[in-house]
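Here the structure comes first, spelled out in structure tokens, and everything after it is commentary.
Note that the structure is predicted; figures quoted are calculated from it, not measured.
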Amino acid sequence: LDVGIHGSEKTMDDDDDDDKTEVENEAENANEPNENESEKDSRSRGPYLRTIKLHFKSFAHRNYFLQWIEPVCNDVYVHEGPGIRVDPTFLHAYNDASSHNATDIKRKSIIGPPSLTKDSSATGVIAAPFTTRTTLSYRVSISDKDPLSVLLVERYSDKQTAFERIHKHGNEFVTFRDKIKGMKNRGMVRIKALSYWETELGYV
């Protein structure tokens with residue numbers, strides 16, 4: 001889920017702190033990791049994990065969300081999860097392709113040997129037949145203390161390809177994102193998103 005909330009700890013209620021001094025802002029910026037270094041480090045890290053906490057104004061709005069997210073979950077299962085053939089060599093080959101970008105990616109569920117094919121509609125553009133499991137888990141949970149609070153846990157094989165290039169461009173997800181944005185803009189839901197790199201400690 002990505003509804004315009006960027007950063008590891010950002011909520012829809014967060015406002016810029018105008019009271020901070022210039023020195024304080026510079027000190028905070030100095031502690032932030034370099035974007036290029038952070039992206040480079042991410043390639044050697046474990047799975048990319050996102051948790052999205054949603055709190056709804058009413059049961060009606062929560063139930064709308066559950067209705068909207070169901071086709072997304074089904075689509076993710078078929079095109080990104082256990083519903084497709086798993087081939088660990090695919091992502092490596094895809095990332096090494098000389099020419100590709102997010103707008104050129106096509107969601108395909110193809111049973112057969114993985115390959116990179118040329119898209120006839122755009123000469124030289126790589127189209128990806130998705131035969132690799134890129135979304136490792138995608139689960140909706142409802143709080144046992146507050147039934148208006150919902151948690152969505154997303155676990156991806158990596159950030160750059162699995163989340164940014166594949167999941168965020170799914171047809172069902174794009175439709176869902178527009179609906180939940182409208183609900184958020186009307187003040188019917190509060191959303192807080194966090195993201196993590198998984199370690200080797202523990203088990204899943």
Side-chain angles (χ1 to χ4, degrees), residues 1-10 33 35-53 68-117 119 125-141 151-178 180 191 193-204:
L1 176 63
D2 185 353
V3 292
I5 301 174
H6 301 289
S8 295
E9 298 183 358
K10 196 90 169 176
E35 184 175 352
N36 292 333
E37 292 179 357
S38 178
E39 188 63 34
K40 182 178 180 180
D41 290 343
S42 72
R43 298 191 188 102
S44 60
R45 293 174 178 171
Y48 178 63
L49 182 70
R50 288 172 56 85
T51 63
I52 296 89
K53 183 177 180 180
W68 296 340
I69 195 69
E70 183 175 2
V72 179
C73 294
N74 293 337
D75 186 63
V76 168
Y77 182 91
V78 171
H79 294 99
E80 305 168 24
I84 62 175
R85 172 176 172 169
V86 177
D87 190 316
T89 65
F90 173 73
L91 275 183
H92 177 71
Y94 180 71
N95 284 326
D96 286 346
S98 60
S99 174
H100 62 270
N101 59 59
T103 59
D104 298 320
I105 291 181
K106 292 187 175 181
R107 299 169 66 79
K108 298 180 181 178
S109 181
I110 298 177
I111 303 301
S115 63
L116 293 178
T117 60
D119 185 350
V125 174
I126 297 296
F130 293 132
T131 56
T132 300
R133 182 176 176 178
T134 54
T135 298
L136 306 178
S137 61
Y138 201 81
R139 194 75 169 183
V140 177
S141 300
L151 182 69
L152 175 61
V153 179
E154 310 170 357
R155 186 167 172 261
Y156 302 96
S157 58
D158 72 310
K159 180 180 180 179
Q160 184 179 20
T161 298
F163 175 64
E164 295 286 350
R165 294 178 178 166
I166 297 177
H167 177 71
K168 288 176 66 175
H169 295 274
N171 293 333
E172 293 291 348
F173 173 76
V174 171
T175 299
F176 163 80
R177 182 180 59 192
D178 292 341
I180 200 69
I191 303 174
L194 298 173
S195 59
Y196 310 83
W197 291 112
E198 195 171 284
T199 72
E200 294 182 353
L201 298 174
Y203 71 94
V204 177

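- The aromatic rings of Phe163 and His167 sit parallel to each other, their planes meeting at less than 30°, with 60° as the upper class boundary.
- In plain terms, the two heavy atoms of Ala162 and Thr134 that are nearest each other are CB-O, 3.4 Å.
- With rounding to the nearest 0.5 Å, the separation of CH2 in Trp197 from CG in Asp158 is 7.0 Å.
- In this structure, the separation between CG on Asp75 and OH on Tyr138 is 9.5 Å, given to the nearest 0.5 Å.
- In this structure, NE2 in His79 is found 12.0 Å from OG1 in Thr135, a value given to the nearest 0.5 Å.
- Side-chain contact between Arg133 and Pro82 is present, with at least one heavy-atom pair separated by less than 4.5 Å.
- Taking CG from Leu194 and CZ from Arg50, the interatomic distance works out to 9.0 Å, rounded to the nearest 0.5 Å.
- Of all non-hydrogen atoms in Val72 and Phe176, the two that sit nearest each other are CG2-CB, 3.4 Å.
- Separating the CD atom in Glu154 from the CD1 atom in Ile52 is a distance of 3.5 Å, to the nearest 0.5 Å.
- Shortest non-hydrogen contact noted between Glu164 and His169 is O-CD2, 3.3 Å.
- A distance of 9.5 Å separates OG1 of Thr175 from CZ of Arg177, quoted to the nearest 0.5 Å.
- The shortest non-hydrogen separation linking Ile166 to Glu80 is CG2-CG, 4.0 Å.
- Thr51 has its side chain within reach of Tyr196: a pair of non-hydrogen atoms, C-beta onward, lies under 4.5 Å apart.
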